[in-house]
Structures are given as C-alpha cells and as structure tokens.
Number of protein chains: 2
Amino acid sequence: METTWAQHLREAGLRVTRPRLSVLDVLADHPHADVDTIVTGAREQHPSLSPQAVYGVLTAFVAAGIARRIEPAGAPALFELRVGDNHHHLVCRSCGAVADVDCAVGAAPCLSPSDTAGFVVDEAEVVFWGLCSTCLSRKHEEEHPA
Amino acid sequence: METTWAQHLREAGLRVTRPRLSVLDVLADHPHADVDTIVTGAREQHPSLSPQAVYGVLTAFVAAGIARRIEPAGAPALFELRVGDNHHHLVCRSCGAVADVDCAVGAAPCLSPSDTAGFVVDEAEVVFWGLCSTCLSRKHEEEHPA
DNA sequence: CCCTTTTCTTGACTGAGTCAAAAGAAGGAG
DNA sequence: CTCCTTCTTTTGACTCAGTCAAGAAAAGGG
C-alpha cells in the first residue's frame, strides 16, 4: 500500500516522507479524522511525530488537492481523502459522527442560489444535521427503558 | 424601537435587560455580526458591557430561538436575528462578508439527501463560497491595473 | 556523496470560547 | 413601595484548536 501512497504523493508534487505516509494510512482508515486522531494513529508508525508536523502535512495535502478539510460548526476540523467529487456530509449532533452523502438533487444543484447578491459562487457546501443511528437508539432506550 | 425589543424578549420568555436590548440593537444594524462587533457596538449604549456577558446574552437568544448562530469555516461565529425561515448564506472567501440567500431549489430541497446512512436529518445547512462584488472588482483591478 | 530545498521538531504564542464564584439587576409577592 | 427569589452580569482564570518562527533533519537532484 505504501508504494501506492508514495506514488500518490509524487503525482501531487509532494516529497515522500514518513510522516506523510503515516498520515495517509490513518486517513485511509479513518475517512473523517480530526488532527488528534491522526496524530495518535500516525504515531504507531512514527512515534516521534509532532502535532505541528501533522498540521504541516495536512496543510500541504489540502494545498496539493489530495485532501479536503471540513469544519463542522462546534467541532475541530476533520480531514478526508475523498476529493474532487463534490460530495456532502451528514453530521450527528450528539456524537459528531460524519458520513458522506452524494449530492442531493442531481449533479450540483445547490450551486445555483436564486439570488447571488453580486457574489460569484465557486462552491456549495452542504451539511445535513441530525442523529446517527447509534445515538438514536441510545436516546430511545433512555427515554423508554426496557 | 426599544419598546418593541422588550416585548420581543418577553415573548421569548427572557428578562428584559440593558445588555440584551443593546445586543438586539447591534444585531438589527449588523445582520451577521461576530462577538467582537457586537461587544464594540453594544458598548455605545452600555460601556461597561463585558464580552462574557455578550456570550451569555447570545447563548440565551439562541436557546430561546430569537437568534441563530452560524459558523463559517475558518472564522469566528456570527449571529443573526433572522430565524425560522431556513435561509442559507453566501460567504466571501476573501473578506468574509456574508449575505443571505433564500433556499435554492424551492422550500427545503436539500433536506432530502439521497442516502442518509441511517441518520435522521433535521436540518440542512448550505454555505455558498465565492467572492463578493467588492473583492471581485478589487481583484480585477490588481490584475489589470488601469 | 554533496548541496540545496523542503520538511520536521521544538517551544512559545494567539484568539475564540468556556467555566465558576460573587456581585448585581429583574420582576413577582406581600 | 419594599423585600425576596431567581436570573444576569461581572470578573478573572482557564482550555483547546490552531499558528508562528528558528533551527535541525531529511529528500532527492547533480
């Protein structure tokens, strides 16, 4: 797998380093990981890895277009490797879990607000807020104990 | 105007206090204000007002449903009085300006993702990213000086 | 193998927001 | 009108995510 990652990095114009490979591995395992998760995970392969290095790696990934940063309100930023397909996210209000959703109403429907107030729009970001199935059943049990 | 605000607060089940009236005034003038703007503005009427009080006031407003908190990625939270009509926002990548947009494709179209992955969705939040007209013309001038 | 450039490490720092205790107002009861 | 209870505001310490900068280390072309 690492060979592929190295290639992936080179194609994006980035040098191949151990911190970067470790971060890619963690992101492959955790499709919506926050910095803390990435640091912890990447340290299994590279124990001396510093949080700042992870910030640097992620900034480079986002700049090179091989990762995307998402920032749900009220939570630390998350990073994902799925880029370039304009998908959106479901976020659980209770536990913060994130799931991907393909664009809701066709190709890129939300990219056309009715009145753009003079703005030139280049991206529409959609976040669906709700409860994930786990939190739903937990909540249901609490309210109606068996 | 303040009489109306007082009534508005009471109807929402909140006590009428000077900090709250001042914050309402600022929000009426600045429909998408951050905490700093609100503190500065409200101090014209109430010089001793502390930032923490403003946080408290805004938390109470949001809990009572008379204000809404929006958190564009990479910027401090903004507050608006326009609530309950499911509108969305245009955000300028360059200056952070925010404008309202009515829901893009009808009533609440985005509330129907194709596959909810077991989530029960209660809100769809849409952010349109782009450049506002001011930043556009400024950028144009910089690239093609007269 | 060396040299230049990029990346990582270390550590200090900022800014938004939270928490908690005590002082101070709001508004209902008498 | 005054008192009393409850809710707000003040003050000040604190947390957490993220940034900045300088020197050490590694990547990879010559």
Side-chain angles (χ1 to χ4, degrees), chain A residues 2-3 5-26 32-43 45-64 66-79 96, chain B residues 2-3 5-24 26 32-40 42-43 45-64 66-79 96:
Chain A
E2 296 225 346
T3 308
W5 284 146
Q7 212 175 326
H8 194 57
L9 287 170
R10 268 189 269 267
E11 280 166 11
L14 296 172
R15 286 191 181 174
V16 178
T17 69
R18 193 135 64 89
R20 290 180 176 172
L21 294 172
S22 315
V23 169
L24 284 173
D25 269 345
V26 178
H32 304 101
D34 60 21
V35 171
D36 205 61
T37 303
I38 297 170
V39 171
T40 307
R43 276 184 175 157
Q45 291 180 45
H46 187 156
S48 73
L49 187 65
S50 67
Q52 286 72 359
V54 171
Y55 279 108
V57 167
L58 292 169
T59 302
F61 283 5
V62 172
I66 63 171
R68 183 174 159 201
R69 176 187 195 128
I70 59 181
E71 298 184 39
L78 304 176
F79 294 84
Chain B
E2 296 224 348
T3 307
W5 284 146
Q7 212 174 325
H8 194 56
L9 287 170
R10 268 189 269 267
E11 280 165 11
L14 296 173
R15 286 191 183 174
V16 178
T17 68
R18 193 135 63 88
R20 290 178 176 174
L21 295 171
S22 316
V23 169
L24 284 173
V26 177
H32 305 99
D34 59 22
V35 171
D36 204 61
T37 302
I38 297 170
V39 170
T40 307
R43 277 184 175 157
Q45 292 178 45
H46 187 154
S48 72
L49 187 64
S50 67
Q52 286 73 359
V54 171
Y55 279 107
V57 167
L58 291 169
T59 303
F61 284 4
V62 172
I66 63 172
R68 183 175 159 200
R69 177 187 194 129
I70 59 180
E71 298 183 39
L78 304 175
F79 294 84

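Naming: A, B, ... by sequence-line order, numbering from 1 per chain.
Where A/Asp36 and B/Gln52 each meet DNA chain D at their nearest nucleotide, the meeting point lying more 5' is that of B/Gln52. Remark on DNA chain C: of its neighbouring residues B/Ala77 and B/Arg18, the 5'-side contact belongs to B/Ala77, judged by nearest-heavy-atom nucleotide.
Nucleic acid contact class of A/Ala60 (heavy atoms, under 4.0 Å, all strands): none. Residue B/Arg20 is in sugar-phosphate contact alone, with no base atom involved, counting any heavy-atom pair closer than 4.0 Å across all strands shown.
Comparing D/dT9, C/dT7, C/dT18 by their nearest atom to the side chain of B/Pro19 picks out D/dT9. The side chain of B/Val35 lies closest to C/dG17 when the candidates are D/dT9, D/dG18, C/dG17. Listed nucleotides D/dT10, C/dC8, D/dG18 differ in distance to A/Tyr55; the shortest reach to its side chain belongs to D/dG18. When each of D/dT8, D/dT10, C/dC8 is scored by its nearest atom to the side-chain atoms of A/Val57, the top-ranked nucleotide is C/dC8. In the set C/dT9, C/dT5, D/dT9, C/dT5 carries the atom at the smallest distance from any side-chain atom of A/Arg15. Closest to the side chain of A/His46, out of D/dG18, C/dT9, D/dT6, is C/dT9. Among the nucleotides C/dC8, D/dT10, C/dG17, the one closest to any side-chain atom of A/Ala53 is C/dC8.
Dashed line: the shortest gap from a side-chain N or O of A/Arg10 to OP1 or OP2 of D/dG28 is under 4.0 Å. In this model, the phosphate group of C/dT6 is not approached by any side-chain N or O of A/Thr17 to a distance below 4.0 Å at OP1 or OP2.
For A/His46, the ring pair (Phe, Tyr, Trp, His ring centres under 6.0 Å) test picks out no residue, with sequence neighbours left out.
Residues B/Leu78 and B/Arg69 fail the side-chain proximity criterion, which asks for heavy atoms closer than 4.5 Å.
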